[in-house]
Amino acid sequence: MTTAKRDTYTPETLLSVAVGVFNERGYDGTSMEHLSRAAGISKSSIYHHVSGKEELLRRAVSRALDGLFAILAEEHAREGRAVDRLEYVVRRMVEVLISELPYVTLLLRVRGNTEAERWALERRREFDHRVADLLRAAADEGDVRADVEVRLATRLVFGMINSIVEWYRPEARGANGREVADAVVRLVFSGLRGD
């Protein structure tokens with residue numbers, strides 16, 4: 001990671017630098033010294049704003065989780081047939097993943113080694129269950145295939161969406177975020193929708 005030399009910084013820019021370092025080195029492989037060098041500030045300056053790297057991790061994964069949970073509160077995710085709500089949620093999940101790519105990437109890489117990681121995994125499971133419940137409701141309404149088990153379908157949908165963090169690069173020429181969301185929705189729902 002290139003060292004950023006900053007005369008001034010904010011908690012938000014510090015968080016952005018930390019997420020970049022965590023994604024590059026891994027959370028466990030990142031020390032406060034690494035963060036200090038990448039931010040171009042002293043360790044004591046970092047401690048002025050946060051208690052340590054675990055607080056930075058929690059703030060970062062909270063940003064990703066807040067974006068995902070906000071989807072479920074949106075009108076199109078709450079009203080209408082379950083299959084239409086599910087399609088909306090899938091599209092928005094891709095959009096949030098792309099708009100918050102470094103933060104969601106970090107969320108998907110936590111392993112549960114610290115209190116903040118365990119908290120993030122629990123919240124992520126809660127979100128996953130809520131989406132699975134929506135898929136189950138669409139199946140109960142007869143709008144998705146009955147020959148694919150709901151848990152398996154849910155894992156496959158999340159697998160497709162979550163894999164985007166491994167290959168999508170906004171700076172590279174190719175599909176933009178909307179095109180990726182459109183493709184995911186087409187692929188998922190052409191296979192999921194019942195006759």
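Checked for salt-bridge contact, E55 and R58 miss the test: no charged N lies under 4.0 Å from a carboxylate O. Salt-bridge check for E117 with R111: failed, with every basic side-chain N at 4.0 Å or more from each acidic carboxylate O. Under the 4.0 Å criterion applied to side-chain N and carboxylate O atoms, R91 and D182 are assigned as salt-bridge partners. Taking 4.0 Å as the cut-off between side-chain N and carboxylate O, R63 and E100 count as a salt-bridged pair. Looking at E122 and R118, no side-chain N of the basic residue comes within less than 4.0 Å of a carboxylate O on the acidic one, giving no salt bridge.
The closest donor-acceptor contact from the side chain of E141 to the backbone of D143 lies at 3.5 Å or more, if one exists at all. The closest donor-acceptor contact from the side chain of E54 to the backbone of A116 lies under 3.5 Å. A side-chain donor-acceptor contact under 3.5 Å links R78 to the backbone of A73. Counting only distance, with no hydrogens or angles, the side chain of K53 and the backbone of T30 share a donor-acceptor pair below 3.5 Å. Judged by distance alone, the side chain of R109 and the main-chain N or O of N23 form a donor-acceptor pair under 3.5 Å. Side-chain N or O atoms of H49 include none that pairs as donor or acceptor with a backbone N or O of I46 at under 3.5 Å. Judged by distance alone, with hydrogens and angles left aside, the side-chain atoms of T105 form a donor-acceptor pair with the main-chain N or O of L101 at under 3.5 Å.
The minimum heavy-atom distance between R169 and V165, with the atom names listed, is NH1-O, 3.3 Å. L135 approaches V150 most closely through the heavy-atom pair CD2-O, 3.7 Å.
By the rule that hydrophobic residues join a cluster once side-chain heavy atoms approach within less than 4.5 Å of another member, Y47 and L56 end up as members of one cluster. In this structure, L156 is not a member of the same hydrophobic cluster as V83, with clusters built from ILVMFWY side-chain heavy atoms closer than 4.5 Å.
In this structure, the separation between CG on L72 and CE on M93 is 9.0 Å, given to the nearest 0.5 Å.
Between the side chains of H48 and S45, not a single donor N or O lies within less than 3.5 Å of an accepting N or O.
Counting only residues at least two apart or in different chains, ring-ring contact (aromatic ring centres under 6.0 Å, His included) contacts with residues 118-169 comprise F69-F127. Residue pairs meeting the ring-ring contact (aromatic ring centres under 6.0 Å, His included) criterion with at least one member in residues 83-118, sequence neighbours excluded: H76-Y88.
With sequence neighbours left out, S99 forms a side-chain contact (heavy atoms from CB on, under 4.5 Å) with no residue at all.
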